[in-house]
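For reference, the structure discussed in these notes is given below.
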There are 2 protein chains.
Amino acid sequence: MNQDGVDLETSLGYLLKEASSVLRSAMEEVLRPLGMSVTHYSCLELLAQRPGLSNSELARGAFVTRQSMNVLLQTLEREGYVTRPAEAPVGKALPARLTPRGRRSLEKATVAVRSVEVRMLAGMTEAEQAGAFRILQSMIRSLRDGNDGP
Amino acid sequence: MNQDGVDLETSLGYLLKEASSVLRSAMEEVLRPLGMSVTHYSCLELLAQRPGLSNSELARGAFVTRQSMNVLLQTLEREGYVTRPAEAPVGKALPARLTPRGRRSLEKATVAVRSVEVRMLAGMTEAEQAGAFRILQSMIRSLRDGNDGP
DNA sequence: CAACGTATGTCAGAATGCTGACATGAATCA
DNA sequence: TGATTCATGTCAGCATTCTGACATACGTTG
């Protein structure tokens, strides 16, 4: 009914939230046929690119708590996508790794997610993409610095 | 431990998720002292800028399902921040409006959230902000078009 | 007019993520 | 060395959001 923009339409924060929401929906849509959630995929992708990450490190990389990541990891371990040693080689951190099955499962997901990212960047020049990259990093840094800052 | 970036560090989608996550955390941090969640604030802000929005419209504006927004609205109504007519003036949609109490509550929250947004934009020129705006809108449009598209 | 499709509000159950808490291992420091 | 501080893994309970379903209201279309 009321479709005229007021001020929310000029807020970068709101636009950022909207973009993130749309991206998440698009990813869920292409991952659903594979029986995979976004966090699920994120976990596998992180492990593929940085083998041996611990539960806590995976949690930070996927932007969830380590408790949430833990239940996911236990499921993935039980179903044979991931392995963790029974004992920690050092400290308490258990380095996780993909199994061949995990790698196979990830391959299809990666293709699907890549297609979403390609679609998202359609119509943007390389220069614009580079600009977006710098700007987002600037936002992240500014917000982080103010938090637990100096 | 492993802090070297691989490929995730070059993905705009990942960076977008990270920025959104950091923004959300920052907002939660400043809203918590006010006893308000991000969705809570979003609802009030939407109603302030577009009085008479229905539950479903608020849900779309806050990027949650209408079921989730409904439970929030019922709470806000019960606590006197929002009013809805007992019967729909047309159709089934119940236009919601802020009460004076809701407006007062929103005022403090708006100040807090503005400060976060200002911090986020620190170090960015107006031109960069305008660029970020265009880029995010382009991403949103591209993702939407591919979805329920043509 | 009647049938259909779409949008809405709402209830109930399920899933997902979070907060709180505890024990353990390592690093730091007095 | 002993105490403190911090990070980690994990368990339990709670909160929030989502999915599924149903009834109702309006617009469109035959």
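Please read these numbers as outputs of a predicted model, since none were measured by experiment. Order of the sequence lines fixes the chain letters, A, B, ..., with proteins taken first and strands second; residue numbering starts at 1 for each chain.
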Could you give the side-chain donor-acceptor pairs of residues 80-97 of chain A under 3.5 Å, partners two or more places apart or in another chain?
| residue | atom | partner | partner atom | Å |
| --- | --- | --- | --- | --- |
| A/Y81 | OH | A/R101 | NH2 | 3.4 |
| A/R84 | NE | A/E77 | OE1 | 3.4 |
| A/R84 | NH2 | A/E77 | OE1 | 3.3 |

Which residues pass the side-chain hydrogen bond (donor to acceptor under 3.5 Å, both in side chains) test with A/S21, not counting sequence neighbours?
none

Check: B/Q129 and B/F133 side chains under 4.5 Å, non-hydrogen atoms:
no

Pairs where residues 12-26 of chain B contributes a residue and the test salt bridge (Lys or Arg N to Asp or Glu O under 4.0 Å) is met, not counting sequence neighbours
A/R144-B/E18, B/R24-B/E28

Between A/V64 and A/P89, the residue closer to the 5' end of DNA chain C by nearest nucleotide is A/V64

From CD of A/E87 across to P of C/dT24 the rounded distance in Å is 14 Å

Nucleotide-resolved protein contact map, nucleotides 1-7 of chain C, B/S/- at heavy-atom distance under 4.0 Å
-------

Got a sec, which residues hit side chain to side chain contact (heavy atoms under 4.5 Å, CB included) with A/A132, two or more places apart in sequence or on another chain?
A/M124, B/L12, B/I135, B/M139

Restricting to side chain to side chain contact (heavy atoms under 4.5 Å, CB included), what partner residues turn up for A/P33, sequence neighbours left out?
none

Measure the distance from CD on A/E57 to C1' on D/dA7 and round it to the nearest whole Å.
11 Å

Please check: side-chain N/O of B/S42 versus main-chain N/O of B/V38, any donor-acceptor pairing under 3.5 Å?
yes

It should be established whether B/T65 places a side-chain nitrogen or oxygen under 4.0 Å from OP1 or OP2 of nucleotide D/dC18.
yes

Under the salt bridge (Lys or Arg N to Asp or Glu O under 4.0 Å) rule, what pairs show up with a residue in residues 125-135 of chain A, not counting sequence neighbours?
A/E128-B/R134, A/R134-B/E128

Can you check the B/E29 CD to C/dT19 P distance for me, whole Å?
12 Å

What residues 66-82 of chain B contributes to the DNA chain C interface at heavy-atom separation below 4.0 Å is B/R66, B/Q67, B/N70, B/Q74

Got a sec? Which of residues 30-46 of chain A come in under 4.0 Å of DNA chain D, heavy atoms?
none

Does the side chain of A/R84 get closer than 4.0 angstrom to OP1 or OP2 of D/dT10 through an N or O atom?
yes

Result block: side-chain N/O donor-acceptor pairs under 3.5 angstrom for residues 109-116 of chain B, not counting sequence neighbours:
| residue | atom | partner | partner atom | Å |
| --- | --- | --- | --- | --- |
| B/T110 | OG1 | B/E45 | OE1 | 3.2 |
| B/T110 | OG1 | B/L106 | O | 3.0 |
| B/R114 | NH2 | A/D7 | OD2 | 3.2 |
| B/S115 | OG | B/A112 | O | 2.6 |

Got a donor-acceptor contact below 3.5 angstrom from the A/E117 side chain to the B/S11 backbone?
no

Heavy-atom closest pair, residues B/R66 and B/A59:
CA-CB, 3.5 Å

Name all residues meeting the side-chain hydrogen bond (donor to acceptor under 3.5 Å, both in side chains) criterion together with A/S68; count only those two or more places apart in sequence or in a different chain, and write none if there are none.
A/T65

OP1 or OP2 of C/dG9 less than 4.0 angstrom from a side-chain nitrogen or oxygen of B/N55, does that happen here?
yes

Correct closest heavy-atom pair for B/L46 and B/G61 would be CD1-C, 3.7 Å

Specify the separation, in whole Å, of atom CZ of A/F63 and atom C1' of C/dT16.
18 Å

Using rotation axes that map the C1' atoms of four end pairs onto the next four (five pairs an end), what angle separates the end axes of the helix from C/dC1-D/dG30 to C/dA30-D/dT1, to 10°?
30°

